[in-house]
Each structure stands twice: as structure tokens, then as C-alpha cells.
Amino acid sequence: MSLDAARKAPQQQPQASAGHNRNGVPVLPGTGMHRLRLNPNTEHKPESYEDMQLDFSPLFFSSLESYLPPSMLALSRDAKLQYMCDILLRYSPEGERNRVQRHHEYRQKIIANYQPLFKELYTMNAANFFVPSFLYAINANKEESFRSVMAEPVSGVFTFEMLQPQFCDLLFSEVQNFERWVHKTKFRIMRPNTMNKFGAVLDDFGLEAMLNRLMEDFIRPISKIFFPEVGGATLDSHHGFVVEYGIDRDVELGFHVDDSEVTLNICLGNQFSGGDLFLGGVRCDKHVNTEAQPEEILDYSHVPGQAVLHRGCHRHGARATISGHRVNLLLWCRSSVFRELRKYQRDFSSWCGECQREKRERQQNSIAATKEELLKREGKPAQ
């Protein structure tokens, strides 16, 4: 169902009957102003929208459904979808919808013409993709099981073995095959982001469904435990891509934050030296350019198959790759629910390091002022 469908109306419309709109969809009392709940209904089991042609990811609608008013939850899937689409129409300008449609057509053109080298990569096969220790932790699905296979070198940055060497080699070869096809056909592709001039968007040539499974079944359970304050439990869309570093490619990457709630960064190889990932603390938009504290600073050396997982707002960059060719898989995981709720937030001290520091400073100053006032009342000199 397209979001535009709600705006398209025939010249002669049937009259709305009591309790229904002109399309026969039930209209609940008081739903003239479509609203969402502030907090999700954690006991509600949302519908699947995988079989429908939608302008947004089916996971997005499944996630959003938990925020519907209680009176909506018992209605049909079509009624709930119409309600959610009506809400989205208020926030999705026509220009943005046109951009999404053009990107969809661009992607379909690639998929129709590019012949995959390794078709087994395009369907999730956990036993062939992941190392046993990671699968054990995922199957146990408890904080202690995750921590048993992870290191946390600084607060909020987790490193762990994840991908089997064969999978890394196959994906690396698939990317090279895609780049040869691009060069041969002179097809103009979109690069992963505004920062990287080399690399490819994996979603654009058919790997979207596999990466969706990666996010939903493997990254979201971890993020639900370690990153709940930035929407880790409600991740519903992603941007999956590879970046390439080397003397004849991107050499380094400056200090920045990602357009994600949670970022998965995995080195695929190849032979290289340098290129360390450096991190410098979690920040909200207001404090993104503030100085990093000593305890927040980390330099991490990439190891093929090993993952780094952190909040997207955890500032980081890539040091210069001195020699060789390094390729990394990036999965930017996003939560549309968190992004909507964040518009109404004013306090980010649950995750922003600088907000936390300022809050502690205010508390200390308040305690000191109270102590000084008490000493004055007792006639004692302030210490």
C-alpha cells in the first residue's frame, strides 16, 4: 500500500457511514487526530507486513504497531496499516516520497541486471556465516551469555568474534564481482555515504533481506540489552554497506557520528597495516563537538571476522591505512520509533557523556551550596 493512496480519491466518493470511513475501514471515536502511545505495549504481538508492497520496511510497521492506541490493536491489519499510513503522511513530505520511489527504481534496475557470484550469501544461513561462540550467545539470549563472548574496552563499545573466515572471503569476492560489473557496464552507483568515496551499498544489489535478518535476529537482541536508551529494542530498518581503505582508495576518515542508533562494524580483510578505529565518547547533537575525556578514548586495531558494536552517536573515525587494502562491512541499525520520540526529549543524560558530566557537576554544585548555607546558619566558616 502506497502512502499516496490515502490522498488519491475518485471524483465521486461513497459517503462515510457511522463508524466507518469512505473505504469501509472502521473509524474509532476520537481518532480524527491520529496519535501514538508514548510507550509501546510490550505484551502486544504485532502483525507481519512482509507480504505487502509498502513504501517503508515491513519491520517498521511491525515495530510501530506496538505504539498504536489500545483501541486500535484489535482491528484488522488493513485498518491498523491505514492508521499508521495516515500518521506517516503527516511527517513524510511529497519530495521525500518521490526520492524513496526513485531509489526503489534504481535498486530494482541493478537487481534485474546484476548476476550474483555466490547466491548462498543472499539468504541468511547462520551456521555457515557465524562462529559457534557467537551463535551460542545468541541462542542463550541473556546478558551473561553475550558478555561471555565479548570484551568492552571502553564503556559502550563491544568487540567479539562473529564471522567465519569463509563468509568474509565470499562477501569480499561478491563485492569485487559487483564492482567489476559496475565498471564493465559503466553503471553509475550510489556510494555508501557522503564521507566514503569507495565502497558499495549491499542493500542495492540484493542483500537487503539477508541484512534485515542479521539486524532483526542477531543485532537487535544484543542492542535490546546494551543500548535500550537509544532504541536498541525497536531497531526496524538498516543501511548496509562496505567501505574500502587503501593507498588508492579512501585512506582515512575523520571524527564523526553515524546516522544510526546502533552501528555494527566488521572487518572482512584483506592484508593491510594501519587503519585503526579510534573512538571518543557518546554525545548528543548539542555536545557532539565537545572534548573527549581520557577514559572515553580508545584505539582499536581491526581483525578480520571480528565485530565492533557501538551506539551510532559514539564519536569515532578511522586512522590512515598505511599499506594494503582493508574492507569493512557496516550495518547502520535504526529505530524509527526512537527517532520520533527523540523529537520531544530534552534530557539525554541517560546516554550522552557530556550531559552526564554536566548533570554530575550541577549536583555537586547544589550539594556544595546546600552545605555552605547550612554552615552559615550554624555560624561556622565554610570549608
Side-chain angles (χ1 to χ4, degrees), residues 129-131 134 150-180 182 189-202 207 211 214 219 238-260 262-283 288 292 294 296-333:
F129 291 3
F130 306 119
V131 297
F134 177 72
M150 292 177 168
E152 190 177 7
V154 295
S155 180
V157 178
F158 299 91
T159 64
F160 49 96
E161 287 187 63
M162 185 177 183
L163 298 180
Q164 293 188 22
Q166 183 182 10
F167 176 83
C168 293
D169 293 341
L170 291 179
L171 184 56
F172 180 71
S173 297
E174 187 70 47
V175 171
Q176 288 185 313
N177 186 61
F178 176 69
E179 290 178 338
R180 286 192 295 268
V182 168
I189 64 169
M190 299 178 185
R191 293 302 177 182
N193 52 61
T194 57
M195 299 176 290
N196 292 97
K197 297 178 181 178
F198 294 85
V201 180
L202 301 178
L207 287 162
L211 293 176
L214 172 59
I219 302 306
H238 75 268
H239 177 51
F241 57 97
V242 293
V243 291
E244 299 182 60
Y245 292 90
I247 301 303
D248 57 344
R249 293 173 175 81
D250 290 321
V251 176
E252 59 188 358
L253 191 62
F255 210 38
H256 66 282
V257 294
D258 294 337
D259 183 14
S260 69
V262 177
T263 291
L264 175 70
N265 185 345
I266 315 172
C267 181
L268 300 179
N270 208 345
Q271 298 295 321
F272 62 91
S273 60
D276 284 3
L277 175 69
F278 63 95
L279 300 103
V282 180
R283 295 292 188 273
V288 71
E296 295 178 315
I297 297 173
L298 171 70
D299 270 56
Y300 167 82
S301 297
H302 288 287
V303 177
Q306 186 160 300
V308 183
L309 191 69
H310 59 79
R311 297 173 183 85
C313 53
H314 204 129
R315 300 176 301 176
H316 59 284
R319 302 201 185 280
T321 298
I322 300 170
S323 64
H325 179 202
R326 176 170 67 85
V327 178
N328 279 51
L329 164 64
L330 276 297
L331 192 69
W332 286 359
C333 304

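Quick note: numbers below take in every heavy atom, side chains included, and nothing from hydrogens, waters or symmetry partners.
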Give a yes or no answer on whether the side chain of [X] reaches the backbone of [Y] with a donor-acceptor pair at less than 3.5 Å.
{"X": "Arg315", "Y": "Val288", "answer": "yes"}
{"X": "His314", "Y": "Val257", "answer": "no"}
{"X": "His239", "Y": "Pro192", "answer": "yes"}
{"X": "Arg191", "Y": "Gly199", "answer": "yes"}

Inter-residue atom distance [X].[atom1] - [Y].[atom2], 0.5 Å rounding:
{"X": "Glu252", "Y": "Ile322", "atom1": "CD", "atom2": "CD1", "result": "11.0 Å"}
{"X": "Arg283", "Y": "Glu296", "atom1": "CZ", "atom2": "CD", "result": "4.0 Å"}
{"X": "Phe278", "Y": "Ile297", "atom1": "CZ", "atom2": "CD1", "result": "10.5 Å"}
{"X": "Phe178", "Y": "Ile189", "atom1": "CZ", "atom2": "CD1", "result": "4.5 Å"}
{"X": "Gln271", "Y": "Ser323", "atom1": "CD", "atom2": "OG", "result": "9.5 Å"}
{"X": "Ile266", "Y": "Leu329", "atom1": "CD1", "atom2": "CG", "result": "4.5 Å"}

Worked check of side chain to side chain contact (heavy atoms under 4.5 Å, CB included) between Leu253 and Tyr245 = CA-CA 9 Å; Leu253 191 62; Tyr245 292 90; 3.4 Å; yes

Should [X] and [Y] count as side-chain neighbours, where that means a heavy-atom distance under 4.5 Å?
{"X": "Leu202", "Y": "Leu211", "answer": "yes"}
{"X": "Asp299", "Y": "Arg319", "answer": "yes"}
{"X": "His316", "Y": "Asp258", "answer": "yes"}

How close do [X] and [Y] get, heavy atom to heavy atom, and via which atoms?
{"X": "Thr321", "Y": "Ile247", "result": "O-CD1, 3.8 Å"}
{"X": "Gly280", "Y": "Ala292", "result": "O-CB, 3.5 Å"}
{"X": "Gly246", "Y": "Val251", "result": "O-CG2, 3.5 Å"}
{"X": "Ser301", "Y": "Asp276", "result": "OG-OD1, 3.2 Å"}

In residues 156-166, what donor-acceptor pairs under 3.5 Å come from side-chain atoms, sequence neighbours left out?
from   : atom 1 : to     : atom 2 : distance (Å)
Gln164 : NE2    : Ala127 : O      : 2.9
Gln164 : NE2    : Phe130 : O      : 2.8

Sequence neighbours excluded and cut-off under 3.5 Å, please list the side-chain donor-acceptor pairs for residues 302-313, or say none.
from   : atom 1 : to     : atom 2 : distance (Å)
His302 : ND1    : Asn328 : ND2    : 3.4
Gln306 : NE2    : Tyr300 : OH     : 3.0
Arg311 : NE     : Glu229 : OE2    : 2.6
Arg311 : NH2    : Glu229 : OE2    : 2.7

CA sep, side-chain torsions, deciding dist, call: Leu207, Leu171, side chain to side chain contact (heavy atoms under 4.5 Å, CB included) = CA-CA 10 Å; Leu207 287 162; Leu171 184 56; 4.1 Å; yes

Evaluate the ring planes of Phe241 and Trp332, with Trp represented by its six-membered ring, and classify them as parallel (under 30°), tilted (30 to 60°) or perpendicular (over 60°).
->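 It falls in the perpendicular class, over 60°.
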
